[in-house]
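Have a look at the structure below, then the notes.
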Amino acid sequence: MSDIFHAGISGARGRMGRAVSQVLDAREDVVVASRFDRGEAPGLNLCDVIIDFSTPEASVELAKACAARGGPALVIGSTGLTPEQEAEIETAAEKIAIVRSGNFSLGLNILIGLVEHAAQRLDGRDWDIEVLETHHRRKVDAPSGTALMLGEAAANGRGRDLEDLRTAPYDGITGPREPGKIGFASLRAGGVIGEHTVLFGSDDELLTLSHSAIDRSLFAKGAVAAAAWVRNRRPGLYDMQDVLGFRQA
């Protein structure tokens, strides 16, 4: 099988679509066969895989079209999908291979895997978990979606649901910290792209796992790595933990 593959870009004129184009154009093992936005012909028959940073509605339409013809594979980075839209993506994944993630940073997804493994091995009766994130002043939600992904990884490591372990923000007279809970703290300042830290603390020692985003192109590079991985996979819904080998796919 040839090492060169043919990729398409959905949402090609958006910020992430342009970033993905730059990464793909710089690689010698990829031919960009199709660049399109909603309402334009996608050229599905030309592609082995399509990287999609568009809208939830466009992502669902694309997934349905690819599933109907049995390909190509998809990498979906669109965010804000409703439960119904997520269900439609899952249905499409019965016919084609799809990688879907809210964050394609390779380093951050390595951190997610490490956090889950650490939480699995450090007894919740003895080790507290705190998730700290810092972003630019224009970010409107807190905690960030990535911080919640880290919290979910920690909860998964402890075999629990995050909503059962998540604490309310610390403010005022809160009383002692409840053992086994997962706390979150958010900072907003300047133009910080994104910094995330997970702190494991016992009475005797602290373990700190962290990641800092330096350039936004890292998300495009991760999406392209996911595309190279998923293009030959069997149908199924995958995420970056699969791409990085934390799970056997």
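Just so you know, these numbers come straight off a predicted model, no measurement behind them.
- When side chains are defined from C-beta on, I9 counts as touching V32, because their heavy atoms get closer than 4.5 Å.
- Of the possible donor and acceptor atoms, one in the side chain of N156 sits under 3.5 Å from a partner among the backbone N and O of E152.
- A salt bridge between R35 and D25 is present, with a side-chain N of the basic residue lying under 4.0 Å from a carboxylate O of the acidic one.
- Within the 4.5 Å cutoff, the side chain of L44 has heavy atoms near those of the C66 side chain.
- Looking at D164, its side chain never comes within 3.5 Å of a backbone N or O of R160 through a donor-acceptor pair.
- Considering only heavy atoms from C-beta on, R13 comes within 4.5 Å of E40 through its side chain.
- Under a cut-off of 6.0 angstrom, the local environment of CG in L206 is crowded, with over 12 non-hydrogen atoms contributed by other residues, nucleotides or ligands.
- Hydrophobic clustering (ILVMFWY, side-chain heavy atoms < 4.5 Å, transitive): L62 and I51 are in distinct clusters.
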Check: Taking it one step at a time, do I112 and L108 satisfy side chain to side chain contact (heavy atoms under 4.5 Å, CB included)?
Finding: CA-CA 6 Å; I112 288 172; L108 192 284; 3.6 Å; yes
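- Remark: K181 NZ is packed, more than 12 non-hydrogen atoms of other residues, nucleotides or ligands lying under 6.0 Å away.
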Note to self: One pair to check against side chain to side chain contact (heavy atoms under 4.5 Å, CB included): D29 and F5. What are the steps and the verdict?
What the structure shows: CA-CA 7 Å; D29 61 340; F5 64 97; 4.1 Å; yes
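- Side chains of V49 and V230 form a contact here, defined as non-hydrogen atoms less than 4.5 Å apart.
- The number of heavy atoms from other shown groups lying within 6.0 Å of CZ (R38) is above 12.
- Open room surrounds CZ on R125; 12 or fewer heavy atoms of other groups in view lie less than 6.0 Å from it.
- Taking CZ of R27 as the reference point, atom CD1 of I4 lies at 11.5 Å (rounded to 0.5 Å).
- Aromatic ring pairs are classed by plane angle as parallel below 30°, tilted from 30° to 60° and perpendicular above 60°; the pair H196 and H135 is perpendicular.
- Between V75 and F104 the shortest side-chain heavy-atom distance falls below 4.5 Å.
- Summarising the geometry of H6 relative to A33, their closest heavy-atom pair is CB-CB, 4.2 Å, with the distance given to 0.1 Å.
- Side-chain contact check for R121 versus W127: every heavy-atom pair is 4.5 Å or farther apart.
- Each of V99 and V60 belongs to its own hydrophobic cluster when Ile, Leu, Val, Met, Phe, Trp and Tyr are linked at side-chain heavy-atom distances under 4.5 angstrom.
- By the rule that hydrophobic residues join a cluster once side-chain heavy atoms approach within less than 4.5 Å of another member, F53 and V243 end up as members of one cluster.
- Rounded to the nearest 0.5 angstrom, L111 CG and E116 CD are separated by 12.0 Å.
- Nearest heavy atom pair, residue R188 against residue A142, reads NH2-CB, 3.5 Å.
- Rounding to the nearest 0.5 angstrom, the gap separating the CG atom in L81 from the CZ atom in R100 is 6.0 Å.
- Electrostatic pairing of R177 and E130 counts as a salt bridge here, judged by a charged N lying under 4.0 Å from a carboxylate O.
- Between K64 and E88 there is a side-chain heavy-atom pair separated by less than 4.5 Å.
- Interatomic distance, CD1 of I96 versus CG of L74, reported as 4.0 Å (0.5 Å rounding).
- Interatomic distance, T134 OG1 to H136 NE2, rounded to the nearest 0.5 Å: 11.5 Å.
- By the 6.0 Å and 45° rule, R166 stacks over the aromatic ring of F184.
- Between the S21 side chain and the G17 main chain, a donor and an acceptor come within less than 3.5 Å of each other.
- Across all non-hydrogen atoms, the minimal contact from G11 to D37 is CA-OD1, 3.1 Å.
- The same ILVMFWY cluster, assembled from side-chain heavy atoms under 4.5 Å apart, contains both L218 and L209.
- When atom types are taken as modelled, the side chain of E133 and the backbone of S144 share a donor-acceptor pair closer than 3.5 angstrom.
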Check: After noting the C-alpha distance and the side-chain angles of I110 and L244, does the key distance pass the side chain to side chain contact (heavy atoms under 4.5 Å, CB included) rule?
Finding: CA-CA 7 Å; I110 289 286; L244 292 169; 4.0 Å; yes
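- Hydrophobic clustering (ILVMFWY, side-chain heavy atoms < 4.5 Å, transitive): I182 and M149 are in one cluster.
- With no hydrogens or angles considered, no side-chain donor-acceptor pair links D239 and S101 at under 3.5 Å.
- Closest approach of L106 to A225, counting heavy atoms only: CD2-CB, 4.2 Å.
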Next item on the list: Any chance you could lay out the side chain to side chain contact (heavy atoms under 4.5 Å, CB included) test for L187 and L132, step after step, and finish with the verdict?
Entry: CA-CA 8 Å; L187 302 177; L132 171 65; 4.2 Å; yes
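- When atom types are taken as modelled, the side chain of R233 and the backbone of W229 share a donor-acceptor pair closer than 3.5 angstrom.
- Atom CD1 of residue I89 and atom CG of residue L237 lie 8.0 Å apart, to the nearest 0.5 angstrom.
- Looking at heavy atoms from C-beta onward, V131 lies out of side-chain contact with T197 at the 4.5 angstrom threshold.
- The two residues A7 and V30 make their nearest non-hydrogen contact at CB-CG1, 3.9 Å.
- Using modelled atom types and a 3.5 Å distance limit, the side chains of S202 and D126 yield no donor-acceptor pair.
- Using a cutoff of 4.0 Å between basic side-chain nitrogens and carboxylate oxygens, D48 and R231 are not scored as salt-bridged.
- Contact record, S78 with S54: OG-N, 3.1 Å, taken as the closest heavy-atom pair.
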